[in-house]
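Only this structure's heavy atoms are used, side chains among them; waters, hydrogens and symmetry mates stay out. Both counts, for ligands and for their atoms, begin at 1 and track the order of listing. What you see is a predicted model, and the numbers here were worked out from it, not measured in a lab.
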Amino acid sequence: MNYLDQLNPPQREGVVNTEGATMIIAGAGSGKTRVLTFRIAHLMRAHGVDPFSIMSLTFTNKAAKEMRERIEKEVGNEARNLWMGTFHAVFAKILRFECDKLGYPSNFTIYDADDTKSLIKTIVKEMQLDDKLYKPNAVYSRISNAKNSLVSWQEYINNPMYKADDEAANRPMLGEIYKRYVVRCFKAGAMDFDDLLFNTNVLFRDHPDVLHKYQHRFRYVLVDEFQDTNVSQYLIVKKLAAVHQNICVVGDDAQSIYAFRGANIQNILNFEKDFPDCRTIKLEQNYRSTSTIVNAANGVIAKNQGQIKKDVWTANAEGEKIDLISAASDGEEARLIAQGIFESKMQNQWHNQDFAVLYRTNAQSRSLEEALRRANLKYKIVGGLSFYQRREIKDLLAYFRIALNPNDEQAVVRSINLPKRGIGPGTVDKIRVFAAEQSVDLWTALQQCRMYLPGRAANAVDGYVTMIKAMQVDVQKYDAHEAAQKIAKASGLMRELFADKTVEGVSRYENVQELLNAVKEYVDNEENEDKSLDAFLQEVSLLTGVDQAQDDDPDVVTLMTIHMAKGLEFRHVFLTGLEEELFPSTMMMESREDLEEERRLFYVAITRAEQKLTMSYAMTRYRFGKLVNCEPSRFLEEVEPGLLNVAKKSKQVSFGNAAPGGSFDRPSGIGGGFATGTGASGASYAKNLVQRPVPSRKPVPAHKASADFTASNPADLAEGQKVEHAKFGFGNIVQLDRQGAAPKAKVNFDNVGEKTLLLSFAKLRIVE
Ligand SMILES: Nc1ncnc2c1ncn2[C@@H]1O[C@H](COP(=O)(O)OP(=O)(O)OP(=O)(O)O)[C@@H](O)[C@H]1O
Ligand SMILES: [Mg+2]
């Protein structure tokens with residue numbers, strides 16, 4: 001079929017009218033991305049336009065890749081020559097050619113977030129400023145905002161408004177840091193992410209000849225997700241398109257969700273001013289979702305004031321109602337979701353890849369990941385790391401590990417100067433050398449530091465040793481949760497993260513809190529007899545050691561934050577954690593603007609679903625180590641009640657441990673108006689499930705470890721060896737994998753079968 005036949009009339013208008021400025025602002029799922037894609041194919045096929053002269057900008061690499069593949073289907077290999085990618089990728093490419101004009105080497109380095117932060121730390125230190133006031137994240141987000149608003153350090157320093165703001169925030173030296181930071185990057189021949197846009201703007205501003213060249217080269221410029229471009233990005237595309245005026249932008253003001261990063265909805269309003277002859281096209285038919293989902297989304301977004309009016313309708317079938325799961329706890333919520341995915345797979349003959357689980361904050365992935373692992377459902381986290389791989393989680397786990405085993409060298413190295421306590425890499429080297437020369441273990445070397453370290457360093461190390469000793473006492477004296485809390489506090493990690501109020505810092509703090517919640521949940525679970533921190537770590541090693549999806553496995557359930565889900569679609573979407581203070585987030589309830597942005601996020605989430613949407617909330621959730629009662633999100637009340645189905649908990653099946661307390665009745669205030677349906681058909685599901693081994697929290701028959709149980713040095717383990725594990729008993733090592741970040745052993749246990757264990761956690765004793 002001709003590609004033009006796969007378009008409705010307004011879509012076709014967007015595709016075939018290739019000349020001049022075009023703006024398409026339309027609702028979710030109405031084919032905006034499809035129009036962009038087909039427009040590019042049409043330019044090449046019908047007009048013979050050279051792909052080298054087409055620039056197409058998208059928001060994520062994933063979106064760019066999908067678009068390129070789609071175009072390739074129409075035009076073949078030539079699609080490779082398109083200038084297509086994220087703003088950062090495309091302009092980094094141009095800067096490679098031109099940056100000598102700005103004084104950079106063409107092989108300039110791109111600093112990632114870590115490089116950036118460590119440079120800021122260094123500068124703060126050199127300036128002898130208080131690093132508690134001048135936190136790298138906070139400093140950088142200020143610099144980043146300035147750059148994205150195209151404010152140079154010179155302008156920053158001379159602008160009394162910035163100065164006043166910084167003084168009010170107790171950071172009067174910010175302008176000076178900005179200056180030094182830029183100078184240092186420049187001297188190092190490096191650009192950070194924001195520089196890629198900032199410098200492209202400078203290049204085009206100060207070098208009209210260069211601008212002229214690219215203006216002529218790129219005859220066609222296209223931008224997807226236009227609502228989320230920031231000032232700096234918009235200015236670049238505006239300049240590039242100024243000569244040919246062949247610019248096509250598509251977006252949806254109702255899906256603008258990056259105001260916090262400087263994305264500016266004003267761009268949409270400015271576009272018509274900047275390109276007065278622009279053709280505007282309305283797309284109103286949604287092709288993605290059932291009418292139930294479209295109607296729910298329309299009803300929700302209508303609650304926002306001040307938006308471009310749109311009527312979105314669909315010819316698609318009504319489809320199933322939206323299931324609403326009310327769970328007793330977050331753990332229960334996660335289990336019901338895993339169960340729901342399994343059931344939906346069976347019922348519809350769908351695959352893992354047809355499912356997405358969306359959440360508002362990264363920390364929520366912990367319980368979801370756990371439930372999916374237990375249910376043997378492969379998943380991947382898009383745009384982030386798996387919970388136990390996140391830096392702050394590994395940091396705190398390192399402290400747990402040392403408290404249990406002070407010889408754990410990796411954990412010592414990781415934690416010794418975290419947060420900063422004046423023990424640099426040189427000191428660490430000296431400690432290691434001493435340990436090697438004296439043939440003592442690391443812990444002994446640390447305790448004898450006065451023998452070989454100068455006074456100041458020795459004081460710092462002594463402080464660390466004293467702290468670890470107190471932690472060692474704590475793990476003996478208290479249950480896992482109390483010990484974990486004390487360690488988190490004593491380490492100084494919590495304080496440091498708490499003080500960081502940037503978006504990223506808050507997320508990291510939430511993650512650490514979530515780890516403590518996991519410990520609490522573990523302790524509260526009656527099935528766990530051993531309440532020690534040691535036992536908890538064993539549990540974690542089991543969970544994280546289970547083989548998970550390979551990188552290239554396409555058939556996986558997608559887990560991601562709603563922010564990452566923009567533009568994507570899945571047959572069945574689970575939208576989780578619909579509770580007040582979580583979604584909408586506490587931080588977004590203070591003004592109407594914030595709440596409206598949060599509602600747009602809700603709209604984005606709903607509109608990812610093609611066939612089926614399931615929403616869920618928990619009535620209790622661990623927060624700060626306490627089980628708190630949650631209220632269902634106000635957003636749920638904004639979904640037309642007739643479209644909802646209150647799913648009942650299926651009592652026949654359980655994915656492991658019981659949820660702590662609570663009933664499954666609908667909470668008053670929200671349930672009143674809902675149609676009552678049976679939701680998930682528990683019985684049929686249970687039947688399916690019974691035949692399937694469901695891993696549970698406690699499949700393990702108690703094993704009484706030998707009286708003299710001490711773990712062997714992991715370095716001595718070898719394949720084929722017989723070993724004993726405190727909990728799983730005796731077994732044989734079938735496979736050892738010492739490569740990679742997390743060395744593992746696969747052990748075939750006599751009682752419990754094969755388990756993959758992380759060597760850094762699992763205590764295995766070689767049985768002679
Ligand atoms: N005319 C059409 N006929 C059949 N399917 C269509 C048509 N237009 C779009 N679609 C399909 O509808 C779905 C949504 O389209 P697309 O992703 O382009 O929408 P969008 O407006 O970009 O959505 P979002 O706002 O979420 O980014 C896709 O699966 C697409 O292939
Ligand atoms: Mg799209």
* Are E370 and R366 ion-paired here, with the side-chain N under 4.0 Å from a carboxylate O? -> yes
* To do: Decide whether the shortest distance between a heavy atom of R608 and an atom of ligand 1 is less than 4.0 Å.
  => yes
* Taking L95 as the fixed residue, which of L196, I110, L197 is the one that meets the side-chain contact (heavy atoms from CB on, under 4.5 Å) rule? -> L196
* Sort and list the pairs that fulfil salt bridge (charged side-chain N to carboxylate O under 4.0 Å, His left out) and have at least one residue in residues 191-200, not counting sequence neighbours. => K147-D192, K147-D195
* **ligand 1 contacted by D252 (non-hydrogen, < 4.0 Å)** => no
* Asked: What residues, two or more places apart in sequence or in another chain, satisfy side-chain contact (heavy atoms from CB on, under 4.5 Å) together with D311?
  -> E284, K309
* If every non-hydrogen atom of S289 is compared with every non-hydrogen atom of N316, which pair is closest and at what distance? -> O-ND2, 2.8 Å
* Asked: Hey, is K303 close enough to E638 for a salt bridge, meaning N to O under 4.0 Å?
  -> no
* Would you mind listing which atoms of ligand 1 come within a distance below 4.0 Å of any non-hydrogen atom of Q6? => 1 (N), 2 (C), 3 (N)
* **Results of ring pair (Phe, Tyr, Trp, His ring centres under 6.0 Å) for F355 - residues two or more places apart only** => H572
* Asked: Mind counting the protein N, O or S atoms sitting less than 2.8 Å from the Mg ion (ligand 2)?
  -> 1
* Asked: Can you list the ligand 1 atoms lying under 4.0 Å from a non-hydrogen atom of L7?
  -> 1 (N)
* Measure the shortest side-chain to side-chain distance between Q305 and E596 over non-hydrogen atoms and say whether it is less than 4.5 angstrom. => yes
* Structure fact -> Taking only non-hydrogen atoms of G27 and a 4.0 Å limit, the atoms of ligand 1 in range are 21 (O)
